[in-house]
Amino acid sequence: MGDKAILTNVLEASNLTEAYVDLTAKQLIKEIRHVGDDLAVQYSNLDDRMELGEPSDQRSPTDGEKTFTVDDAVEALGFGRFQLKLSILTGMAWMADAMEMMLLSLISPALACEWGISSVQQALVTTCVFSGMMLSSTFWGKICDRFGRRKGLTFSTLVACIMGVFSAFSPHFYVLLLFRGLTGFGIGGVPQSVTLYAEFLPTAQRAKCVVLIESFWAIGAVFEALLAYFVMNAWGWRALMLFSSLPLGIFSVASFWLPESARFDMASGHPERALETLQMAARMNRVMLPTGRLVSHTKPGSGSESRGDIVNLLSPELRKTTLLLWCIWAITAFSYYGTVLFTTVLFQSHDECHGGLFSNGTQLEVCQPLTRSDYFDLLSTTLAEFPGLIITVLIIEWFGRKKTMAVEYAIFAIFTFLLYFCLDRFTVTVLIFVARAFISGAFQCAYVYTPEVYPTTLRAVGLGTCSAMARIGAIVTPFIAQVSRKKRRLGANYTLVMARQWFINAHLTVQDRGPVASEQSLSLPIGIYGTAAILGLIASLSLPIETKDRRMTDSH
């Protein structure tokens, strides 16, 4: 039957509803052709659009019609070449992020030597980065939930790279603070790579794969320590900062090869894009998608108006989970970054009971650059990331997410409290190694749990708000652990030195005498971090939902 005859038949239909008034001729033709050739039968007693024939991506399945969801497709895909490619691309983002974070513990001593900044000002360098991350984490989460995971990742890493390069050429300390804050604003979007990655992983492999992708974080941290070992003494902190920013730029270019999340496309009303992505993944993995038509778990457009709406994170069914996760992320970041920064403090200290080098000198130097030996010991403790990842992979599917976090918090607290005792440097290094391994594992477990517990419409913003809370913990931790003037074990000269220190403090500004905990005692940060881990243990066991073997949901 020709197009003209079809249109004539449509115009003569007596029971055509008002739903079709605004349709163009081509749309009407498409609708009617989909219904069939027996037009007289099809047009009788039409009450709504469903009887005329909804588009294939929106109709409810009829009896005998085969359908499948994104969940079914992802389970059928398994783990293959597609996920391997995605692992490498998202892993690059984590590697770049880790390098920027590790950089914070390496440049403070160098800045103190070049600009003579105080301990509080050194802490401000770290705080500015995490402040930028805190302010932007929710912003990038909303961008990813509204406009797509790939777009958010691309723009955030591009911002971080450009601002990181500008930081390397800062002429003044306060200009450096501005650019480091803007660098942190860009880095705040990097955790969304976990959202994109997790949405393409089958249930059985999801936890292991998300934890293993975190191995790129460990690689980045180790690479940064090695980079500092070779670059700092030869070219200085500016060159180190420049080289550390380049991986972010490389990822922002490579992100054009990232696929968009099929779950996001379905939730945003673009099933044809989701199907195209899944078909591409199936070809790469050399598997077949389930037969039938791709449909959503929910009604078309369900939750689309509130995608990325932060208020829904505090809905009755999610409120307790969200509040506990915010506490967990804040505590974990506080403890993890505190351990990284406090390691430098211990190695620079003159307290032989806490790993410092014994000194009989009486001068309180502002400039105490890290030595090759310090860089080597920092590298040794950074390698703790790898056993932490391996242990987490082995136990997360056995214990579940909640108990795994609780166990790792407990072990971190034990080995942190052991630092109270008077120990040699080697033993202190071993204790820090074990503590960092388990707090790193707890962090990775939080990254597994959070995308699993939130639905697709809130997943990115949920992870974004958790990341923002983590930055609050990271903002506070430099003032507990950052490099500062420390008490020394000087024997008979101790009273003389303390008197001299009192005289110096009396002539310093309030800002320079800022309340940095490690200035007062190396034992105080140890107690604070151990106690924080115990609170994290309680919070993780109090989570109302265990996500082990639980499929991801599409809508809240």
Side-chain angles (χ1 to χ4, degrees), residues 85-104 128-169 178-200 210 213-221 223-224 227 240-261 264 308 333 337 443 447 450-451 459-461 463-468 470-471 474:
K85 169 190 171 183
L86 198 59
S87 300
I88 295 172
L89 288 174
T90 54
M92 288 173 59
W94 276 113
M95 181 177 174
D97 189 6
M99 291 178 66
E100 287 289 344
M101 295 300 99
M102 189 68 183
L103 178 68
L104 299 175
C128 280
V129 175
F130 286 120
S131 296
M133 296 171 75
M134 179 195 69
L135 294 173
S136 70
S137 293
T138 302
F139 168 79
W140 292 118
K142 289 180 70 68
I143 292 294
C144 289
D145 272 337
R146 293 278 183 177
F147 304 105
R149 311 333 190 188
R150 183 174 65 178
K151 289 180 181 177
L153 271 173
T154 302
F155 287 115
S156 65
T157 52
L158 188 59
V159 168
C161 175
I162 294 172
M163 294 301 110
V165 171
F166 285 171
S167 300
F169 298 98
L178 172 63
F179 285 133
R180 293 314 292 168
L182 292 174
T183 302
F185 187 89
I187 295 174
V190 173
Q192 297 303 333
S193 59
V194 174
T195 302
L196 174 61
Y197 184 59
E199 289 181 338
F200 279 109
V210 171
I213 197 66
E214 301 294 335
S215 64
F216 283 90
W217 174 283
I219 293 171
F223 183 74
E224 184 68 19
L227 195 63
L240 180 64
M241 194 171 285
L242 180 63
F243 290 143
S244 300
S245 301
L246 295 181
L248 286 166
I250 294 172
F251 173 79
S252 63
V253 174
S255 62
F256 288 102
W257 283 272
L258 275 174
E260 183 53 85
S261 167
F264 168 79
Y337 291 115
F443 219 154
Y447 268 109
T450 304
R459 189 166 295 125
V461 74
L463 184 62
T465 55
C466 287
S467 182
R471 307 317 168 188

L178 versus M163: any side-chain heavy-atom pair under 4.5 Å? no
Atom pair CE (M99) and CG (L104), whose distance is rounded to the nearest 0.5 Å: 12.5 Å
Indicate yes or no: at least one non-hydrogen side-chain atom of T195 is less than 4.5 angstrom from one of C144. no
Measure the shortest side-chain to side-chain distance between L227 and E224 over non-hydrogen atoms and say whether it is less than 4.5 angstrom. yes
Can you measure from OG1 (T450) to CG (L463) and round to the nearest 0.5 angstrom? 6.0 Å
Closest heavy-atom pair and its distance - R150, F256: NH1-O, 3.8 Å
Does a side-chain heavy-atom distance below 4.5 Å link V159 with L182? no
Can you find a pair of side-chain heavy atoms, one from L258 and one from L153, that are under 4.5 Å apart? yes
So do the side chains of F223 and M95 get within less than 4.5 Å of each other, counting heavy atoms only? yes
Is the Y447-W94 ring centre distance short of 6.0 angstrom? yes
By the salt bridge (Lys or Arg N to Asp or Glu O under 4.0 Å) test, which pairs, at least two apart or in different chains, include something from residues 88-104? E100-R180
Mind listing the closest non-hydrogen atom pair of I143 and G152 along with its distance? CG2-CA, 3.9 Å
Measuring from S167:OG to I162:CD1, what's the distance to the nearest 0.5 Å? 12.0 Å
Please name the pair of heavy atoms, one in R149 and one in F264, separated by the smallest distance, quoted to 0.1 Å. NH1-CD1, 3.9 Å
At their closest point, which heavy atom of F169 faces which heavy atom of L242, and how far apart are they? CE1-CD1, 4.4 Å
Inter-residue atom distance L248.CG - S156.OG, 0.5 Å rounding: 8.5 Å
Could you check whether T154 and S255, counting side-chain N and O atoms only, form a donor-acceptor pair closer than 3.5 Å? yes
For residues 128-141, tabulate all N or O donor-acceptor pairs below 3.5 Å that involve a side-chain atom, not counting sequence neighbours.
{"unit_1": "S131", "atom_1": "OG", "unit_2": "T127", "atom_2": "O", "d": "2.7"}
{"unit_1": "S136", "atom_1": "OG", "unit_2": "G132", "atom_2": "O", "d": "3.0"}
{"unit_1": "S136", "atom_1": "OG", "unit_2": "M133", "atom_2": "O", "d": "3.4"}
{"unit_1": "S136", "atom_1": "OG", "unit_2": "F185", "atom_2": "O", "d": "2.7"}
{"unit_1": "S137", "atom_1": "OG", "unit_2": "M133", "atom_2": "O", "d": "2.6"}
{"unit_1": "S137", "atom_1": "OG", "unit_2": "S467", "atom_2": "OG", "d": "3.3"}
{"unit_1": "W140", "atom_1": "NE1", "unit_2": "F185", "atom_2": "O", "d": "2.8"}

Distance-minimising heavy-atom pair for G91 and F216: O-CB, 3.2 Å
Less than 4.5 Å apart, any side-chain heavy atom of C161 and any of L246? no
How far apart are the closest heavy atoms of T157 and F251, and which atoms are they? CG2-CD2, 3.4 Å
Quick one: pull up CE in M102 and CG in L240 and give me the separation to the nearest 0.5 Å. 10.5 Å
Are K151 and E260 ion-paired here, with the side-chain N under 4.0 Å from a carboxylate O? no
Hey, what do you get for CG (L196) to OG (S261), rounding to the nearest 0.5 Å? 6.0 Å
Applying side chain to side chain donor-acceptor pair (under 3.5 Å), can you list everything that pairs with T183, at least two apart in sequence or on another chain? none
With a 4.5 Å cut-off on side-chain heavy atoms, are Y337 and R471 touching? yes
